[in-house]
Amino acid sequence: MENHKVLFIGPVGSGKTTAIRSISDIDCLDTEAQVSDVTGRRKQTTTVAMDYGRLTLSEESRVHLYGTPGQARFRFMWELLSEEIAKDCAGVVMMIDNTRNYPMRDLKYYAREFANVIDGKRLVIAVTRSDLRARPSTEEYYGLLKELGKEAAVCFIDGRRKSDLLSLVELILEGQSDYSEWATLKRLAEAEQKDMEFTSNGAELEIDEYQGEQVVIKESVVNGLLNIEGVQGLAATDANGDLVTSSLEGSQLENFIALVSGIVQDQGENSSLGQVNNVVFRDRHENNLSVFVWEGMALGVVSSRKTSTRMIRQQVNDLLQWG
């Protein structure tokens, strides 16, 4: 009996749970929980542990499908899946939502975070929601993969279509499985889907034109952060250290945030720390200052020590992608 494993990774809302449900021929194990943060702007539930499904190709061949949570606060499950349960996987499907503000940043982030399991394995980039926004294009994704030194197939898919998902698994298992009836299997799946109506998934969302990967601190991002319990104020500076927006009183803290931005970049480039984009300071009273840095730009968020800085980081990342 051939038993293969395929690991699905990627950000919240990219379609990992839907994909596994679409292709599995058993009832899926999933750990969906009600969303209580900014993720609720895009979906009502999110995976908090893992998804599991199974695809039976023949009496002699099965594929076990594992899906990771999208949010970094569930990193412990990333490690469990990539270093233990699915360490010996045949390959990895990285799902990317083309309607997020910075999908190429998602690709870079998950390629870095899952480098331990991706290296030496077959990798497929599965791009969803391209019907709602065509860019980034296939060529742009291949260009970034080349920059990263990664070899991968890039497929634009609908994660609800079983035939699309079968094509991904076929790419992963090429040369690793004796199964040869993919064309028949996909033909049967297409016949099953013939009378199914697939409306644009997320068509009700407001989706901006693709503006590239330069981070923009939108007003919606600022308002979203200020609405978080425990956040007392924030300030953002551009690559020149000039103030973009601020709700803080006085310029001293704003100048410090701009200064930190340059220091963090220098330390990341000139030390063994690698890429650093978030540092946290504690004052002598009861507050934290979380400073986020992107290519010289900086966002400083002042919050109560009772408010988790990890949660602040997750909210900043989600608001940037969906705000």
When E192, K186, Q193 are each screened for side-chain hydrogen bond (donor to acceptor under 3.5 Å, both in side chains) with S163, the one that passes is Q193
Short side-chain to backbone donor-acceptor contact, S247 and L234, under 3.5 Å | yes
So CD1 of I228 and OG1 of T307: to nearest 0.5 Å the spacing works out to 8.5 Å
So F114 and Y110, would you call those rings parallel, tilted or perpendicular, with 30° and 60° as cut-offs?
-> parallel
Verdict with reasoning, T17 to F8, per side chain to side chain contact (heavy atoms under 4.5 Å, CB included) = CA-CA 9 Å; T17 300; F8 287 73; over 6 Å; no
Value for CE (M94) from CG (L145), rounded to nearest 0.5 Å, stands at 8.0 Å
Spacing of OH belonging to Y102 relative to CD belonging to Q214, to within rounding of 0.5 Å | 8.0 Å
What pair of heavy atoms forms the shortest contact from S304 to N287, and how long is it?
-> CA-OD1, 4.0 Å
Check the pair R105, V215 against side chain to side chain contact (heavy atoms under 4.5 Å, CB included), reporting the backbone distance first and the verdict last.
-> CA-CA 10 Å; R105 288 179 177 271; V215 171; 3.6 Å; yes
Salt-bridge present (D106, R100; N to O < 4.0 Å) | yes
Is a side-chain donor or acceptor of R122 paired with a backbone partner of L171 at a separation under 3.5 angstrom?
-> yes
ILVMFWY network linking L148 to V117, side-chain heavy atoms under 4.5 angstrom | yes
Donor-acceptor contact below 3.5 Å, side chain R133 vs main chain N98 = yes
Any donor and acceptor pair, going by atom type alone, linking the side chain of S61 with main-chain N or O of S58 inside 3.5 Å?
-> no
Let me see the working for L165 and L168 under side chain to side chain contact (heavy atoms under 4.5 Å, CB included), right down to the final yes or no.
-> CA-CA 5 Å; L165 277 304; L168 299 183; 3.8 Å; yes
Donor-acceptor under 3.5 Å (E140 side chain, R135 main chain) | no
Parallel, tilted or perpendicular, as decided by the 30° and 60° cut-offs, for the rings of Y66 and Y52 | tilted
Would a distance-only check, ignoring hydrogens and angles, find a side-chain to backbone donor-acceptor pair under 3.5 Å from Q321 to N101?
-> yes
Would you mind listing every salt bridge (Lys or Arg N to Asp or Glu O under 4.0 Å) that reaches into residues 141-156, with sequence neighbours excluded?
-> D119-K150
Keeping the roles fixed (side chain from D51, backbone from T68), state whether a donor-acceptor pair exists under 3.5 Å.
-> no
Does D242 offer a backbone N or O that forms a donor-acceptor pair with the side chain of N240 under 3.5 Å?
-> no
Check the pair Y109, N317 against side chain to side chain contact (heavy atoms under 4.5 Å, CB included), reporting the backbone distance first and the verdict last.
-> CA-CA 11 Å; Y109 177 75; N317 289 334; 5.9 Å; no
Is there a side-chain hydrogen bond (donor to acceptor under 3.5 Å, both in side chains) between E213 and Y210 once you walk through the steps?
-> CA-CA 9 Å; E213 296 304 300; Y210 180 60; 2.6 Å; yes
Ignoring hydrogens and geometry, is there a side-chain-to-backbone donor-acceptor pair from D25 to T56 under 3.5 Å?
-> yes
What one should report as the nearest heavy-atom pair of I217 and A236 is CG1-CB, 4.2 Å
Nearest 0.5 Å please: distance from the CG atom of L57 over to the CG atom of D178.
-> 11.5 Å
Nearest-0.5 Å distance, CD of residue E60 to CG of residue N3 | 10.5 Å
Only pairs under 3.5 Å count here: list side-chain donor-acceptor contacts from residues 79-93, not counting sequence neighbours, and write none if there are none.
from: S82; atom 1: OG; to: W78; atom 2: O; distance (Å): 2.7
from: D88; atom 1: OD1; to: K5; atom 2: NZ; distance (Å): 3.0

Euclidean distance, K16 NZ relative to M50 CE, rounded to 0.5 Å = 13.0 Å
